[in-house]
Structure formats: C-alpha cells, structure tokens
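Structure first, then comments.
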2 protein chains.
Amino acid sequence: MHTGDSPPPERLRVLPSRLTNQAALTANRIVDHALGQAGLRRYHYALLATLDESGPASQAALGRRTGIDRSDMVATVNDLAERHLVRRSPDPDDRRRNIITITAAGGEQLVRLDALLAAAQDTFLAPLPDDDRRQLIDLLTRLVDHHGDRTARPSEGWPGLRPGT
Amino acid sequence: MHTGDSPPPERLRVLPSRLTNQAALTANRIVDHALGQAGLRRYHYALLATLDESGPASQAALGRRTGIDRSDMVATVNDLAERHLVRRSPDPDDRRRNIITITAAGGEQLVRLDALLAAAQDTFLAPLPDDDRRQLIDLLTRLVDHHGDRTARPSEGWPGLRPGT
DNA sequence: CACCAACGTTGGCGCGGCCAACGTTTTTAG
DNA sequence: CTAAAAACGTTGGCCGCGCCAACGTTGGTG
C-alpha cells in the first residue's frame, strides 16, 4: 500500500447547525433592535401578531400557536395588558380560561411593528437577491416543517445518533 | 376605479428571521442532546474544536476565534480543565496570558464529539438532499459573512431601519 | 515616567426556553 | 351520579447563551 499523505477523515468544520445558529443570532439582533425601538420584545410581537391573525383566544391556545410556554405567556400577557395593547377577560363559557383580545391601540402598534420588522428582514437578507431569499425560505421551511411538531420532547423515542445512513 | 377586493398590504407572515430562529432552535436541541451524552455543552465543544484546529492560545485569542466572551471563556476553561480535557498554564513570555492547551484526553474526547455531532448534523439536515444542503450552507454562509464582524455592537452607526430599498 | 492597552477574573443582567407544582374548573369514565 | 382525569392559569424556579462593567495585573509606548 502506497501510504501517501491521505488527509484522513478531515473532519467537518463549520457545522451547519453552527451556521444556522449564527444566522439566527444575527437575525435576532436586528429584530430585537427594531422591536426595542418600540420598547417591546419578540414574545410581545409574536403574541400581538398571532392575535391579529387568528383572533381572540385563550392563553393556552395562544401558547400553542406561538410556541410560547404557558408560564411565559402569563408574563407576556401581563406586559401587553399593562400597556393596554391587549385585554384579558374571563371566558364566560369556561371559567378556566381567559380570553385575550387585541385592543385598538394594540392593532395600531402592530402596524408600526410590522413596518419596523419588514425593514429588519430586509437588513437581515440584504446580501441575498430575491431568488436566493426565496430559496433560503424554502429550505428553512422544509427543515422546520420536517422537525415540526417535535418542537420539544427530545426524550421519548429519538435517535439522537444514527450510525450508518 | 373598480375597487375590488384587493387584499391590501397582506403583511408578510412567517418572517425569515423567525424561520431562521426556529431552524436554529431545532439544530441546537439536536446538538445539545448529542453533546449532553458526553456531559458537555456547546461552549465546551467550540473551545475544544478551536484548540484542536488552531493549537494552543491565550484565552482572549480563543475568545476572539470562537465568539465566546472573555468572562464566559474563564468558566468554560475551568470546566474543561477540571475534566482534564484542557490545560491552563501561564505564558512565560507574557505574564498576563494563560496558554490553553488541549490534552490527550481532550483530543480523544473531541473525536467522540465529532462523531456525535456529525450524526447530529445529519439528523438536522435529514429532510434535505445533498444539493439542497450545499445550497443552504452557501446561503447561510453568505448571510453570516455579510453581517460578519458586526458580531456585536448594534449601536455605533447602524441603520436598523432602512425605508426605501 | 506616565499612560494606555491588553489580559484574566469576578459579578451581574436579560432573554428565551424549559419544567414542576398547585388550586380551580371541566370533561370523561365507570 | 360520582370519581378520576384532563385542561387551564399562575407561581416560582432553573439553565444556557449572549452580553457588559469593573478591577488588579502586566506589557507596551509616548
């Protein structure tokens, strides 16, 4: 065997997971900066946007839609309610639930936030022409969809390490 | 004017920044799970990998290469030194510095981690065929490179909101 | 010599993402 | 109808990551 200087396994540097994380870090910095101009954070926007999109709902339902934990939802609703961007009222049909409703002020604020965020997206995607932006969105969507509901629960039935394939 | 039911601005739902963040969340969960099997976290791996790649260096230098803050670097080195995966020795040529060196045990551990992580990447990218994986990596790389050094500092001279373009 | 820069270290902060537990209310089974 | 199970809101807590400010020490530069 001729031996030779075979650069043996040549480990995979710059992992895709790290790349993704770096991109997310950048995106979040830009978005946080934008939302910060309105004194809000990502959770606040997520809640307002979901309310605007799907209408009033219980905290638990909103948590399911946004991916925000029930306990964090309490605080988020508190924040927005204090600022009168959202209203929390008991559900007469089910006394366990609160119905969260976006207020007029909340709607107006959301319009402003949407503008801020649209600009933020543009800043984030600045280096990519439209075609590539679509490509990226498509790829990420497929990734996220695939791992979809596995939104948590790394325990029950998970490979975690798959040898061969 | 014929009016018509124009769905007026039709705000951009599912922001690219959010998509990216979701993907990163998924990736991090998978990676954390993998590293957790070795009782380590992402910072630990980043440090070990960088040491293996670029050789011994001061904590500050390592922090610059990995993006880990100096203060967090202290803790990370502490952790790894405790486990004898890394050695911290004073630099004789500059008594401000510590020289961090990866140990033999650290090297062996790193090999294991690399295997774990390779599998993790595969899990993460599972839904994408090889071409798409390359595409994704290319796009993310361009994004990250562009925002490159702006690795922090959202203050000094930043648009944050660009109207037109 | 005085000054400033770099270094390691300590201590702290905020956000996002989690989990466990409790009391209340509703639904479902027996 | 009643007992068990489930859903809900809430409290309190935990961890990791990403940050920043400050200090004492050491090294370079004017």
Side-chain angles (χ1 to χ4, degrees), chain A residues 17-18 20-33 35-36 39-47 57-64 66-79 81 88-100 150-156, chain B residues 17-18 20-22 24-33 35-36 39-47 57-64 66-79 81 86 88-100 150-156:
Chain A
S17 62
R18 176 156 173 72
T20 308
N21 201 28
Q22 301 242 99
L25 229 29
T26 300
N28 287 336
R29 268 193 293 255
I30 294 171
V31 163
D32 290 350
H33 177 249
L35 292 178
L40 295 178
R41 288 164 303 161
R42 262 175 284 145
Y43 273 15
H44 298 137
Y45 175 77
L47 182 46
S58 73
Q59 298 181 193
L62 291 167
R64 261 169 259 129
T66 55
I68 300 178
D69 188 271
R70 299 213 312 279
S71 60
D72 302 317
M73 181 58 70
V74 175
T76 306
V77 170
N78 285 347
D79 290 350
R88 177 195 263 131
S89 38
D91 183 339
D93 295 0
D94 185 340
R95 310 218 309 276
R96 291 173 300 181
R97 288 172 167 74
N98 293 332
I99 295 182
I100 311 302
R150 222 128 24 307
T151 183
R153 214 154 4 274
S155 36
E156 176 60 291
Chain B
S17 62
R18 175 155 173 74
T20 308
N21 200 29
Q22 300 244 98
L25 229 28
T26 299
N28 287 336
R29 268 193 293 253
I30 294 170
V31 164
D32 290 351
H33 178 249
L35 292 178
L40 295 178
R41 286 162 305 158
R42 263 175 284 147
Y43 274 13
H44 298 137
Y45 175 78
L47 182 47
S58 72
Q59 298 181 191
L62 290 168
R64 262 169 258 129
T66 55
I68 299 178
D69 187 90
R70 300 214 311 280
S71 60
D72 301 317
M73 182 58 69
V74 175
T76 306
V77 170
N78 285 346
D79 290 349
V86 127
R88 176 196 264 132
S89 36
D91 183 340
D93 295 359
D94 185 340
R95 309 219 308 274
R96 291 173 301 180
R97 288 173 167 75
N98 293 334
I99 296 183
I100 311 303
R150 218 115 47 293
T151 184
R153 216 155 2 273
S155 36
E156 176 60 290

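In what follows, every chain begins at residue 1, and chains take the letters A, B, ... in the order their sequences are listed.
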Quiz item: Hey, does the side chain of A:N98 come within less than 4.0 Å of D:dT10's phosphate (OP1/OP2), counting only N and O?
Solution: yes
Quiz item: If you take all heavy atoms of A:N28 and B:N21, which pair is closest and at what distance?
Solution: ND2-OD1, 3.1 Å
Exercise. Flag the pair A:R41 and A:D32 as a salt bridge only when some basic side-chain nitrogen lies within less than 4.0 angstrom of an acidic carboxylate oxygen.
Key: no
Practice problem: Could you state the atom-to-atom distance from CZ of A:R18 to C1' of D:dC17 in whole Å? | Solution: 12 Å
Quiz prompt | For atom CG of A:D79 and atom C1' of C:dG14, their distance in whole Å | solution = 13 Å
Quiz item: C:dC7 C1' sits how many Å from B:R64 CZ, rounded?
Solution: 9 Å
Quiz item: What are the two closest non-hydrogen atoms of A:P90 and A:N98, and how far apart are they?
Solution: CA-OD1, 4.2 Å
Quiz item: Roughly how far, to the nearest 0.5 Å, is CD of B:Q59 from OG1 of B:T66?
Solution: 11.0 Å
Quiz prompt | Between C1' of C:dC18 and CD1 of A:I68, the distance in whole Å | solution = 13 Å
Quiz item: Rounded to whole angstroms, how far apart are CG on B:D91 and P on D:dG27?
Solution: 9 Å
Exercise. Please work out if B:S58 contacts a base, only the sugar-phosphate, or nothing of the nucleic acid, heavy-atom cut-off 4.0 Å.
Key: sugar-phosphate
Quiz item: Any idea which of C:dG16, C:dC19, D:dG9 is nearest the A:V74 side chain?
Solution: D:dG9
Exercise. Indicate yes or no: at least one non-hydrogen side-chain atom of A:R29 is less than 4.5 angstrom from one of A:H33.
Key: no
Quiz item: At under 4.0 Å between heavy atoms, what does B:D72 touch on the DNA or RNA strands: base, sugar-phosphate, or nothing?
Solution: base
Quiz item: What nucleic acid atoms does A:D94 come within less than 4.0 Å of, heavy atoms only: base, sugar-phosphate, or nothing?
Solution: sugar-phosphate
Self-check item: Where B:R88 and B:V74 come nearest, the two heavy atoms and their spacing
Solution: NH2-O, 3.5 Å
Quiz item: Checking all strands, does B:N21 fall into the base, sugar-phosphate, or nothing category for heavy-atom contacts under 4.0 angstrom?
Solution: sugar-phosphate
Quiz item: Please give, in whole Å, the distance from D:dG18 C1' to A:Q22 CD?
Solution: 12 Å
Practice problem: Respond yes when some side-chain nitrogen or oxygen of B:R96 is under 4.0 Å from OP1 or OP2 of D:dG28, and no when none is. | Solution: no
Exercise. Using the closest heavy atom to pick a nucleotide of DNA chain C for each, name whichever of B:Q59 or A:P92 lands nearer the 5' end.
Key: B:Q59
Quiz item: Atom CG of A:N28 and atom P of C:dG16: how far apart are they, to the nearest Å?
Solution: 9 Å
Exercise. Name the nucleic acid region contacted by B:R95, choosing base, sugar-phosphate or nothing; use a 4.0 angstrom heavy-atom cut-off, strictly under.
Key: sugar-phosphate
Practice problem: Determine the contact category for B:R41: base if any of its heavy atoms lies under 4.0 Å from a base atom, sugar-phosphate if only primed atoms, P, OP1 or OP2 are that close, otherwise nothing. | Solution: sugar-phosphate
Quiz item: Taking atom C1' of C:dC15 as reference, at what distance in whole Å does atom CG of B:D69 sit?
Solution: 16 Å
Exercise. Could you tell me whether the phosphate oxygens of C:dT9, OP1 or OP2, come under 4.0 Å of any side-chain nitrogen or oxygen in B:R97?
Key: no
Quiz item: Under 4.0 Å between a side-chain N or O of A:R70 and OP1 or OP2 of C:dA20?
Solution: no
Quiz item: Just checking A:L25: base, sugar-phosphate only, or nothing, at a heavy-atom cut-off of under 4.0 Å?
Solution: sugar-phosphate
